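Small disclaimer: the values here were computed from a predicted structure and weren't measured. Here is how names work: the chains are called A, B, and so on, in the same order as the sequence lines, proteins then strands, and each is numbered from 1.
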Protein chains: 2
Amino acid sequence: MINHAGTMAEPKASKLDEATPALEPDLTAGTCTRKRKGEGCQRRQEILEAAKRLFAEEGYEKTTIRRIAASLGISSTALYVYFPDKNAVLAEICASTFRELRQHCADLRGAIPSDPLRVLHDAVTHYIQFGLEHPHEYHLTFNMPLPPEVKDNAEHPGDCAFQSFQALVQDVVEARQLHGADGNALTQQLWAGMHGLVSLVLLRPDFPWVERSVLVKGHVQLLVEGVLRAADGRQCGGLG
Amino acid sequence: MINHAGTMAEPKASKLDEATPALEPDLTAGTCTRKRKGEGCQRRQEILEAAKRLFAEEGYEKTTIRRIAASLGISSTALYVYFPDKNAVLAEICASTFRELRQHCADLRGAIPSDPLRVLHDAVTHYIQFGLEHPHEYHLTFNMPLPPEVKDNAEHPGDCAFQSFQALVQDVVEARQLHGADGNALTQQLWAGMHGLVSLVLLRPDFPWVERSVLVKGHVQLLVEGVLRAADGRQCGGLG
DNA sequence: GCCATGGGTTATCGTCGTTAAGTTAACAAC
DNA sequence: GTTGTTAACTTAACGACGATAACCCATGGC
């Protein structure tokens with residue numbers, strides 16, 4: 001209890017600080033002794049998982065460093081050993097989610113060598129379902145400004161995921177001989193269309209949406225048909 | 001400088017509080033005397049506009065009540081006379097933006113009694129342009145969870161705007177005799193598609209988007225064609 | 001035994017949203 | 001022209017926040 005700081009000011013806060021008994025430390029560690037090298041990585045992973053869960057449950061801004069730490073039974077400052085600040089924790093979660101999404105897309109293209117339109121159709125469906133099944137990760141990753149740590153990354157996971165998708169669209173453009181189609185623009189529009197549904201459904205859960213499967217199937221169909229039709233002249237719609 | 005509070009505790013903060021010289025009060029008021037009834041509404045509007053500007057420039061979470069107040073030359077607590085909390089300020093801005101958007105849509109339908117498809121086409125274009133031209137209001141309104149003040153409102157502006165759009169889609173469904181089309185689902189999908197583009201472009205300004213007008217025109221076309229095609233069987237795409 | 005170091009702690013800072021209590025200027029009635 | 005009343009605003013303070021600085025101490029190689 002010795003005041004070893006130089007200023008000798010009275011303590012003023014620290015009354016309810018870290019004193020939320022609702023959050024108990026996770027005692028699944030097993031050992032009670034201090035650990036050394038290598039264990040740090042484990043702790044780092046624990047922090048990431050706790051943060052992911054709390055971000056998911058309560059959102060980024062409302063999740064505090066202190067509560068992440070408390071849920072692991074450590075003090076808030078211990079977190080700064082593994083991450084420079086709160087934003088860096090979010091950045092790492094974002095990057096991991098982006099990677100998962102990209103792998104999803106790449107696997108699909110490699111595993112199903114069938115009609116490119118069918119592959120694109122399935123990829124779009126997959127994307128939307130992925131988003132809806134990982135609401136919090138999706139929200140963290142796509143529905144808020146990218147933290148600089150991710151944005152300045154040369155291997156920007158968003159760009160990578162986009163490129164995977166672009167390949168699928170290009171396959172369709174070539175297979176269907178959609179002359180005059182800008183595959184890049186089409187991919188951006190398709191992505192925007194997928195993102196919009198996921199984003200709105202996640203952000204407006206109380207909206208009276210039509211039944212989920214109808215909504216998703218119809219949306220995929222709308223987008224894929226749109227890609228086919230919008231690509232080469234508007235011979236069906238009739239809008240000069 | 002008399003300490004009129006009962007507790008006689010030492011002041012501890014209040015050092016840099018409200019002491020940011022960069023933010024000068026807006027001295028356009030003219031009179032220097034205190035004002036009475038009716039002037040309160042003016043101050044309320046001032047707060048809303050300052051908040052809108054600051055939310056726009058720096059985002060909701062980073063904008064503090066103290067800075068909103070400082071930009072008007074009043075103390076932070078004065079704000080609580082007009083709004084119960086920070087969220088309520090955001091809620092009012094949201095509601096106002098929703099109204100503007102809805103009016104946009106209604107005007108368009110009333111003023112141009114031409115081909116329903118053309119009207120829908122223009123409305124979608126309008127929506128996207130509106131979003132891109134009001135990036136911060138759009139972000140505040142659509143890209144974050146609705147505050148309860150707006151959500152619990154019976155005249156939920158989002159629902160109203162949606163209904164306006166639904167009417168346009170229904171016009172198209174009837175004019176083109178798209179049997180088997182669920183106008184409600186189509187509207188939701190169309191809205192999701194529009195929202196997705198606006199949302200992504202606003203949230204990822206550094207992404208290598210194709211040229212803006214190409215992107216928007218192509219997207220509108222993709223969506224409108226998608227509505228036409230997705231509505232009644234997939235006779236063009238060829239995906240069983 | 002010594003000590004560098006990794007994995008923690010406590011104390012503290014400045015800021016935040018928000019509340020409580022007090023101040024002051026403009027009006028109303030007497 | 002004093003006396004309320006009240007709208008509009010202030011100062012002081014609270015508890016929580018992100019972050020930093022300074023310290024503690026068990027482990028493990030020497």
- Query: Taking only residues two or more places apart in sequence, or in another chain, which ones meet A/His136 in a side-chain hydrogen bond (donor to acceptor under 3.5 Å, both in side chains)?
  - Reply: none
- Task: For the pair A/Arg44 and A/Glu92, find out whether any cationic side-chain nitrogen is under 4.0 Å from an anionic carboxylate oxygen.
- Result: yes
- Task: Can you tell me the distance, in whole Å, between the CD1 atom of A/Ile68 and the C1' atom of D/dG18?
- Result: 11 Å
- Query: Can you tell me if the side-chain N/O atoms of A/Ser75 get under 4.0 Å from OP1 or OP2 in C/dT9?
  - Reply: yes
- Any A/Thr64 side-chain N or O less than 4.0 Å from OP1/OP2 of D/dC17: yes
- Query: Does a side-chain N-to-carboxylate-O contact under 4.0 Å join B/Glu49 and B/Lys52?
  - Reply: no
- Item | Per A/Tyr82 side chain, nearest of listed nucleotides D/dT10, C/dG7, D/dC9 | C/dG7
- Rounded to whole Å, the CG-C1' distance (B/Leu90 to C/dG17) equals 15 Å
- Message: Just the rounded figure in Å: distance from P of D/dT11 to CD1 of B/Ile74.
- Response: 12 Å
- Task: Rounded to the nearest angstrom, tell me the gap between atom NZ in A/Lys86 and atom C1' in C/dT15.
- Result: 14 Å
- Message: Check this for me: does the side-chain of A/Arg66 come within 3.5 Å of the base of D/dG18 through a donor and an acceptor?
- Response: yes
- Does the cation-pi check pass for B/Lys86 over B/Tyr80, that is, NZ or CZ under 6.0 Å from the six-membered ring centre and within 45° of its axis? no
- side-chain hydrogen bond (donor to acceptor under 3.5 Å, both in side chains) partners of B/Gln166, counting only residues at least two apart: B/Asn184
- Note on the structure: A/Ile65 CD1 to D/dA19 C1', in whole Å, measures 9 Å
- Query: Heavy atoms under 4.0 Å, any strand shown: does A/Thr77 hit a base, just sugar-phosphate, or nothing?
  - Reply: base
- Item | Between C1' of D/dA7 and OH of B/Tyr80, the distance in whole Å | 19 Å
- Query: To the nearest Å, how far apart are B/Arg67 CZ and C/dC16 P?
  - Reply: 8 Å
- Task: Please report, rounded to the nearest Å, how far the P atom of D/dG18 is from the CG atom of A/Asn87.
- Result: 12 Å
- Ranking A/Pro84 and A/Lys62 by the position along DNA chain D of their nearest nucleotide, the one closer to 5' is A/Lys62
